[in-house]
Amino acid sequence: MGVFIFLILLSVGCLSSLRFHSYYGDGMVLQRDVPVNVWGYDELLPVASLECQMLDGQISSHSSLVTKTVRVGVWSVELPAMPAGSVCDVEVSGTEEVISLSGVLFGDVWLCSGQSNMEQSMANIMNATMEIGKSAPYTNIRYMAVANSHSLEPDDDVDVSLSIPWSDSSAATLKDMSAICYLFARNIQDMMQAEGDDPVPLGMVDSDWGGTPIESWSSQETLDVCDARAECTEEHAQRCDSRLWNAMINPLKRNAVKGFLWYQGESNGGVHRDIYNCTFPALIDSWRQEFSANSATAEDAPFGFVQLAQWRPDQLQNGIPVIRWHQTVDQGFVPNEQMANVFMASSLDTYDSKQEGYPGGIHSRYKQIVAERLAVAGMNVAYGYTAPYVPTGPFPSSAVLDHQTMQLTITYDTTFSYNNQEISGFYVCTQRADLCDVIGNVALWAEIEKASVAQKDDLTITINLDSYAGQNVLSVSYAWRETPVKEYLGLPIYGNQGFLLPSPPWKKTILIN
């Protein structure tokens, strides 16, 4: 459906340098079904007229809009809600200047952020040339990227620089776009199409910076909630408290979005690791609050994230396993009571044997399966689709230890398959689960032998723990290693249905005497 929009803004005296904020561009996507802001620079009277006409000439409508002065030199106009698929041209006229946006598409806008695994581009994934070529027909997926910058103070009216202007999937810039961000969108459209629905147009906004901690992306008020302070120097100012929030996220908050995507945490494996279960949910709450207070973004806008991938083989440090746990506020799954409308993709089975150079190693090239899993969960949480679209893979609903036989019976919430070709997948610790990671490695988590673990039926695992008889405290965990398996898609437990999602890592105290 096409719509032609004229905005005529009357100014006092002669205008100079009338322009849009740099977020706006030809061919961009604005959020569907809600009023949206278009804003920019130069003084304008708060008077505007709007004319909407279907491009096929069948429907036209006229409305009066209120144009407001945000502050001296900054203006804003609210456009009425438009349905998905509307295509608009926007024209803003001053006394002597006219500026316009052409081919604006209404759909769902997602803001993607984090560090280098979100930043990793389409050119740096497996079968990159094929994937880029395959994406060309998806012209109603549009994308842009904010250039790296940092700021000491927040400024709601500051402009931003772009590293990629608004483009569609046929553009040469696709090779430079975040792979997770873009492939999430492509999967969402494919899945909607598979369900017999018209795919919603998608606008993917990428704003990330490699090697940065969560503190950089959090407002100062958010950090105060968790008593968090980043360790940084001006030489690496991008790692300082709030600097990236100030420069790369806060200036976007007047624009309504459908939701957020996040891939970050590696840089917090050794810095503020033990408060990530505060800083991450606090960031989610803050972003939702700031965007909903300044635009028509929903107060509970969907927030998706990638649970940290594997990295070094046979590594015994526990920073990454603990961050994975804290990403779910120590629940092991989302959504949960503390993280409503949150979804995730687990990526523990995407080990890249190319460990030297970039990409490879911590920057696994297997981004397609991760984006697919994120989209599966997003289809459920953000778009309301049901099975086979589920928010997570199989997860324990109960773990009961028979004190006489020392057999642990773990029952899962959905059917699964079990394969112990590489590892049993399970570990045991003789302390409470919350104390098993107080040291900087996984030494307290002993691997359980394959022979001690068996699948009883399609909902149940049994573990023989008779060698731990007499212990007063026992805890068990699953996939509790930085790199639990080296085989691609080689974890022991996957769901039986739909997209065969992996069981995420978890830990639980099963005995206290």
Side-chain angles (χ1 to χ4, degrees), residues 273-274 277 307 310 313-326 328-333 346 348-349 393-487 490-494 502-513:
R273 180 197 76 173
D274 294 332
N277 55 0
Q307 200 169 39
Q310 74 315 304
D314 308 313
Q315 175 57 245
L316 297 181
Q317 293 182 8
N318 64 359
I320 285 180
V322 172
I323 289 290
R324 290 175 186 142
W325 184 240
H326 288 341
T328 66
V329 290
D330 305 349
Q331 299 297 305
F333 63 91
S346 186
L348 281 69
D349 54 353
F395 196 81
S397 56
S398 67
V400 179
L401 179 67
D402 185 320
H403 292 207
Q404 299 300 316
T405 65
M406 292 302 289
Q407 178 173 281
L408 176 66
T409 300
I410 304 173
T411 303
Y412 284 78
D413 58 3
T414 188
T415 62
F416 65 89
S417 60
Y418 177 70
N419 184 341
N420 65 357
Q421 180 176 346
E422 189 169 344
I423 57 172
S424 75
F426 295 92
Y427 305 86
V428 62
C429 171
T430 57
Q431 298 190 40
R432 291 199 328 258
D434 60 321
L435 298 178
C436 293
D437 290 293
V438 293
I439 58 177
N441 57 58
V442 294
L444 296 180
W445 288 109
E447 185 170 357
I448 297 175
E449 295 180 355
K450 295 179 184 180
S452 297
V453 182
Q455 183 173 11
K456 180 179 179 182
D457 54 45
D458 60 4
L459 286 172
T460 310
I461 287 278
T462 60
I463 303 177
N464 184 350
L465 295 172
D466 59 2
S467 61
Y468 291 90
Q471 292 289 339
N472 292 321
V473 181
L474 281 179
S475 297
V476 169
S477 65
Y478 174 75
W480 206 262
R481 291 291 187 268
E482 181 175 298
T483 302
V485 291
K486 299 176 188 176
E487 181 183 353
L491 285 169
I493 298 178
Y494 291 87
S503 180
W506 53 267
K507 62 179 178 177
K508 182 179 180 64
T509 300
I510 59 169
L511 171 66
I512 297 180
N513 286 332

Name all residues meeting the ring-ring contact (aromatic ring centres under 6.0 Å, His included) criterion together with [X]; count only those two or more places apart in sequence or in a different chain, and write none if there are none.
X: Tyr412; value: Phe416
X: Phe426; value: Tyr478
X: Tyr494; value: none

Are side-chain heavy atoms of [X] and [Y] found at a separation under 4.5 Å?
X: Asn318; Y: Arg273; result: yes
X: Thr460; Y: Thr409; result: yes
X: Asn464; Y: Gln407; result: no
X: Leu348; Y: Val485; result: no
X: Ser452; Y: Leu465; result: no
X: Ile320; Y: Gln310; result: no
X: Gln471; Y: Val428; result: no

Give, for atom [atom1] of [X] and atom [atom2] of [Y], the distance between the pair rounded to the nearest 0.5 Å.
X: Ile410; Y: Leu401; atom1: CD1; atom2: CG; answer: 10.5 Å
X: Asn420; Y: Glu449; atom1: CG; atom2: CD; answer: 12.0 Å
X: Gln455; Y: Ile461; atom1: CD; atom2: CD1; answer: 5.5 Å
X: Asp466; Y: Leu408; atom1: CG; atom2: CG; answer: 12.5 Å
X: Arg324; Y: Trp480; atom1: CZ; atom2: CH2; answer: 9.0 Å
X: Leu491; Y: Asp349; atom1: CG; atom2: CG; answer: 4.5 Å

(request) Any pair with a residue in residues 471-485 that passes salt bridge (charged side-chain N to carboxylate O under 4.0 Å, His left out), sequence neighbours left out, goes on the list, sorted by first then second residue, please. (result) Arg312-Glu482
(request) Kindly give the heavy-atom pair with the smallest separation between Glu487 and Glu422, and that separation in Å. (result) N-OE1, 3.2 Å
(request) Would you name the heavy atoms of Val476 and Trp445 that are closest together and state the gap between them? (result) C-CZ3, 3.7 Å
(request) Sort and list the pairs that fulfil disulfide (SG to SG under 2.5 Å) and have at least one residue in residues 435-485, not counting sequence neighbours. (result) Cys429-Cys436
Main-chain N/O of [Y] paired to [X] side chain as donor or acceptor, under 3.5 Å:
X: Tyr418; Y: Ser424; value: yes
X: Gln421; Y: Gly490; value: no
X: Gln317; Y: Gly319; value: no

Counting only pairs under 3.5 Å, give me each side-chain donor-acceptor contact of residues 502-513, with atom names and distances, residues two or more places apart or in other chains.
| unit_1 | atom_1 | unit_2 | atom_2 | d |
| --- | --- | --- | --- | --- |
| Ser503 | OG | Pro394 | O | 2.7 |
| Lys507 | NZ | Ala433 | O | 3.1 |
| Lys507 | NZ | Asp437 | OD2 | 2.8 |
| Thr509 | OG1 | Ala433 | N | 2.8 |
| Thr509 | OG1 | Ser475 | OG | 3.2 |

(request) Run the numbers on Asp274 and His326 for side chain to side chain contact (heavy atoms under 4.5 Å, CB included), then give the verdict. (result) CA-CA 8 Å; Asp274 294 332; His326 288 341; 4.3 Å; yes
